[in-house]
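Remarks on the structure that follows.
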Amino acid sequence: FDEVTTFTEAMFRFLFSRLRREEGHKVPLRMRSASNPGNIGHQWVYRRYINPGTPGAVFVPSKVQDNPSLDIREYLKSLDQLDPITRSRLLDGDWNVRDTGMFKRVWFPIVDSAPHILRAVRYWDLAATEEDDSNDPDWTVGAKLGMDERTRLLYMVDEQRARLGAQGVEALVRSTALTDGIGVPIRIEQEPGAAGKSLVSYYGRHVVQGYDFKGLPSSGSKETRAAPFASQAEAGNISIVNGPWVTEFFDEAEGFPMVEHDDQVDAWSGAFGALMRDNEARSQTYLRPQAAEVIRRGDLTLRGSRYRDRE
């Protein structure tokens with residue numbers, strides 16, 4: 001591969017199925033790649049070769065100074081025309097510098113625990129494909145977001161994330177509901193059309209029957225739906241309860257929307273929207289218009305300030 005970060009991980013792994021040799025040949029089988037940091041495959045290449053790395057996957061760093069045939073002076077002049085992030089990637093081979101995404105890690109205070117009393121919601125962004133050597137499927141993500149109604153501050157309490165088939169996803173949603181308890185509403189994204197309605201109906205009857213469960217239609221782009229959640233985070237109103245899922249969330253969120261998978265951001269944005277929608281419904285007071293008082297005297301009826309003949 002040249003510029004392997006322009007490929008998805010599924011594309012890369014699939015070609016291992018073509019890596020073979022005739023019996024008796026002693027030429028070792030190798031998959032060799034070259035790349036600069038960046039592009040849609042940045043995260044999986046970084047994980048596979050650099051941090052934490054995969055056994056047997058060797059990373060050999062190289063810079064422009066290692067190319068003896070390159071006119072370095074002219075090349076550096078060319079790189080000066082680039083933005084600082086791209087220049088740092090190409091010149092220094094910096095895998096840690098990131099594009100400016102919609103979220104920043106410093107916006108989210110990390111706490112050991114959330115307040116004891118929270119009004120929470122669990123929102124699921126569902127997928128239903130198991131991972132194997134030939135694919136790189138989306139993740140099923142269940143985000144539990146809570147609000148301290150005294151301070152109005154938000155807490156990212158827990159995230160469940162897995163690549164499972166349909167039955168595995170149902171089991172995960174059901175077991176998570178049991179852990180959360182009956183008091184935590186469950187929401188999922190309702191896809192457009194009859195298939196979306198059918199899935200919501202099925203989950204309500206067979207997976208989480210007895211819980212406060214709804215499907216919520218989505219509208220607008222992923223960036224549009226994430227914007228209110230990002231705004232609250234930038235204002236310092238959202239804390240994260242520390243857990244094993246936090247690093248993966250930051251890796252995705254800081255690159256969003258320029259990432260291969262955005263299921264975590266989708267789930268947390270959905271949880272925020274669901275919590276705000278439920279909060280708005282709870283805060284409304286519905287008053288039935290009061291009927292005018294009617295007083296009757298014989299054949300006369302008092303309407304307003306005057307008596308009229310009874311009709």
Salt bridge flag under 4.0 Å for residues Arg163 and Glu130: no
Any Gln209 side-chain heavy atom under 4.5 Å of Tyr203 side chain: no
Side chain to side chain donor-acceptor pair (under 3.5 Å) partners for Tyr202, two or more places apart: Glu170
No-hydrogen, no-angle side-chain donor-acceptor test under 3.5 Å, Thr176 and Gln160: no
Asp158/Arg122 salt bridge by N-O under 4.0 Å criterion: yes
Asn67-Ser69 side chain donor-acceptor pair, cut-off 3.5 Å: yes
Pair Asn36, Glu3: side-chain N/O donor-acceptor within cut-off below 3.5 Å: yes
Atom CD of Gln167: over 12 foreign heavy atoms under 6.0 Å: no
Exceeds 12 heavy-atom contacts within 6.0 angstrom, atom CZ of Arg150: no
Expected list for residues 11-18: side-chain donor-acceptor pairs under 3.5 angstrom, two or more places apart:
from  : atom 1 : to     : atom 2 : distance (Å)
Arg13 : NH1    : Glu131 : OE2    : 3.4
Arg13 : NH2    : Asp132 : O      : 3.2
Arg13 : NH2    : Asn135 : O      : 2.4
Ser17 : OG     : Phe14  : O      : 2.6

Asp94 and Arg89: CA distance, side-chain angles, deciding distance, salt bridge (Lys or Arg N to Asp or Glu O under 4.0 Å) verdict: CA-CA 5 Å; Asp94 190 343; Arg89 285 171 169 172; over 6 Å; no
N-O pairing of Asp125 and Arg161 below 4.0 Å: no
Check: Trp245 ring centre within less than 6.0 Å of Trp268 ring centre: yes
Basic-acidic side-chain contact under 4.0 Å: Arg187, Asp212: yes
Over 12 non-hydrogen atoms of neighbours within 6.0 angstrom of CD1 in Ile117: no
No-hydrogen, no-angle side-chain donor-acceptor test under 3.5 Å, Arg205 and Ser201: yes
